[in-house]
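Beneath this line is the structure, given in structure tokens, with notes to follow.
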There are 2 protein chains.
Amino acid sequence: MKLYSFFNSSTSFRVRIALALKGLPYEYAAVNLRAGEQGAEEYRALSPAAIVPTLVDGEVKLTQSLAIIDYLDATYPAPRLVPQDPLERARVLEIAQTIACEIHPINNIRVLKYLSGPLKVSEADKSAWYAHWVEEGLGAVEQLLAARPRSSYCVGEAPTLADCCLVPQVANAQRMGCDLSRFERVMAVVEHCMAQPAFIAAAPSNQPDYVG
Amino acid sequence: MKLYSFFNSSTSFRVRIALALKGLPYEYAAVNLRAGEQGAEEYRALSPAAIVPTLVDGEVKLTQSLAIIDYLDATYPAPRLVPQDPLERARVLEIAQTIACEIHPINNIRVLKYLSGPLKVSEADKSAWYAHWVEEGLGAVEQLLAARPRSSYCVGEAPTLADCCLVPQVANAQRMGCDLSRFERVMAVVEHCMAQPAFIAAAPSNQPDYVG
């Protein structure tokens with residue numbers, strides 16, 4: 001199995017957590033987003049949208065982190081990251097998608113580049129934009145967590161797809177200097193996750209292409 | 001079952017298609033996004049992120065269109081909108097998420113409002129922004145479709161979650177005046193879908209809150 005990844009990409013981080021939780025060995029293929037390597041013709045043949053991550057598993061070539069994790073769950077089901085019970089499953093997907101559809105896409109590197117480039121948005125306004133969507137999105141996640149009994153992970157006592165999405169989003173927001181202290185439930189889950197070996201192994205600073 | 005929806009919301013449109021394909025009756029609860037009804041305290045209790053759609057099914061209250069459709073698939077499995085075969089499933093999710101994570105979030109109404117409001121982006125620059133993400137995203141979907149044998153729907157000969165996402169995205173882009181003619185495979189699928197009763201029933205102009 002081969003994962004095309006960039007150390008600082010939070011969507012790559014999601015898949016790295018899933019692979020580590022499942023104990024699956026893989027070859028790490030670094031795609032340097034800062035150098036624009038994702039736009040190379042050879043990589044675009046794997047990823048038409050020119051984004052990381054891409055998973056190659058035998059004949060299977062797959063983009064989109066949530067589709068990749070679903071595929072891993074179907075193919076290598078131990079441990080399951082999306083529960084099979086319809087309601088638990090819905091809770092996990094609701095949190096994962098609040099992050100994957102409401103926060104990350106609006107704040108990813110190519111969108112921020114479009115703001116500074118064609119739209120000539122100032123650095124200060126760009127930071128305010130970033131912080132705004134984090135506030136809105138993690139605020140929603142906080143309420144989703146607070147609506148249920150406290151648990152070690154987002155949903156229950158085992159890690160799920162929701163945690164695979166939450167931890168990288170929080171790491172990203174912290175790197176951008178956001179104050180997340182008011183998201184008490186979110187931060188408690190992240191702290192618990194970041195004490196687990198799989199989450200540590202998947203962290204940006206532990207990747208072969210890490211640049212400090 | 002009750003669906004909180006806005007006629008022009010493409011994420012609501014996704015769920016309406018799924019409900020229609022499964023033949024599930026539901027109460028339509030209109031949330032007027034133009035009047036800001038999604039921000040009302042009562043609605044925020046259902047949807048912490050203050051977005052549509054929200055599904056209420058007995059005790060279950062659920063936001064996020066893809067999580068809702070997954071829940072409907074688990075609870076009312078005929079017909080399945082996300083196939084069970086791991087590879088078919090991955091193909092469906094890859095296309096659905098390319099739309100749901102790469103196009104829609106960047107172009108939705110609250111993001112466009114932030115561009116015109118705090119960032120004072122001109123109408124022309126806002127249209128160019130919209131068109132840019134549609135071009136990038138539907139370009140990727142076109143390549144995903146073109147990499148496989150031609151089929152009536154996105155994946156195979158039955159509608160799936162991918163079609164539930166594609167049709168509303170294309171409708172949205174057309175409303176914004178985008179020229180989509182170069183996305184030949186995309187447009188062939190959409191044309192096929194829009195000849196089917198479930199897709200017609202779910203269309204914005206057939207909703208009780210429609211305003212022309």
Side-chain angles (χ1 to χ4, degrees), chain A residues 11 44-45 47-51 55 59-68 70-71 73-75 82 84-87 89-98 100-106 108 110-111 114-115 118-119 121 125-126 128-129 132-133 136-137 139-144 146-147, chain B residues 11 44-45 47-51 59-68 70-71 73-75 82 84-87 89-98 100-106 108 110-111 114-115 118-121 125-126 128-129 132-133 136-137 139-144 146-147:
Chain A
T11 51
R44 272 197 183 259
S47 169
I51 50 178
L55 183 81
E59 293 300 298
V60 178
K61 290 171 196 153
L62 199 55
T63 64
Q64 287 301 328
S65 58
L66 272 57
I68 293 172
D70 183 279
Y71 166 80
D73 234 26
T75 318
V82 186
Q84 286 186 294
D85 172 74
L87 202 49
R89 182 177 179 83
R91 294 297 168 220
V92 166
L93 291 175
E94 185 178 41
I95 293 171
Q97 285 161 10
T98 299
C101 300
E102 306 300 334
I103 311 175
H104 175 73
I106 318 177
N108 77 10
R110 64 203 182 107
V111 170
Y114 193 106
L115 289 176
L119 295 184
V121 167
D125 282 350
K126 203 172 70 175
W129 162 284
H132 175 79
W133 303 113
E136 288 278 314
V141 173
E142 180 74 14
Q143 285 180 67
L144 291 170
Chain B
T11 51
R44 272 196 183 259
S47 168
I51 50 179
E59 293 300 297
V60 178
K61 291 172 195 150
L62 198 56
T63 64
Q64 287 300 327
S65 58
L66 271 58
I68 293 172
D70 183 280
Y71 166 81
D73 234 26
T75 319
V82 185
Q84 288 187 293
D85 172 75
L87 201 50
R89 180 175 181 84
R91 294 296 166 220
V92 166
L93 291 175
E94 185 178 40
I95 292 171
Q97 287 161 8
T98 298
C101 301
E102 308 298 334
I103 310 176
H104 174 73
I106 319 177
N108 77 10
R110 64 204 181 106
V111 170
Y114 193 107
L115 289 177
L119 295 184
K120 299 181 179 60
V121 167
D125 281 349
K126 202 171 72 176
W129 162 283
H132 174 78
W133 303 114
E136 289 277 315
V141 173
E142 179 74 14
Q143 285 180 65
L144 291 171

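Proteins get letters first, then strands, A, B, ... in listed order; numbering begins at 1 in each. Hydrogens, waters and symmetry mates play no part in the numbers below; they use all other heavy atoms, side chains included. Keep in mind it's a predicted model, so treat the numbers as computed, not measured.
Counting heavy-atom pairs closer than 4.5 Å to chain A, the top residue among A49(B), A96(B), P105(B) is P105(B). Between chain A and the residues E142(B), E136(B), E102(B), the largest count of heavy-atom pairs under 4.5 Å involves E102(B). For the options L119(B), V121(B), D125(B), heavy-atom pairs under 4.5 Å to chain A are most numerous at L119(B). Between chain A and the options K120(B), R91(B), R110(B), Q84(B), heavy-atom pairs under 4.5 Å are most frequent for R110(B). Among S47(A), A74(A), A90(A), the residue making the largest number of heavy-atom pairs under 4.5 Å with chain B is A90(A). Comparing L87(B), I103(B), T63(B) by heavy-atom pairs within less than 4.5 Å of chain A, the highest count is held by T63(B).
Residue A50(A): no heavy atom, backbone or side chain, is found under 4.5 Å from chain B. I51(B) touches chain A through its side chain: at least one heavy atom from C-beta onward sits under 4.5 Å away, while N, CA, C and O do not. Only the side chain of H132(B) comes within contact range of chain A, with at least one heavy atom under 4.5 Å from a heavy atom of that chain.
Closest of all the heavy-atom pairs between T75(B) and P86(A) is OG1-CB, 4.3 Å. Minimum heavy-atom separation, C101(A) to A100(B): SG-O, 3.7 Å.
Using cut-offs of 30° and 60° on the angle between ring planes, the pair W129(B) and Y114(A) is perpendicular.
Remark: side-chain polar atoms of Q97(A) are paired, donor with acceptor, to backbone N or O of A67(B) under 3.5 angstrom.
A salt bridge is defined here as a Lys NZ or Arg NE, NH1 or NH2 lying under 4.0 Å from an Asp or Glu carboxylate O, and K61(B) with E94(A) fails to meet this definition.
Rounding to the nearest 0.5 Å places CG of L93(A) at 8.5 Å from CG of L62(B). With values rounded to the nearest 0.5 angstrom, D70(B) atom CG is found 4.0 Å from R89(A) atom CZ.
The closest side-chain heavy-atom distance from V111(A) to W133(B) is below 4.5 Å.
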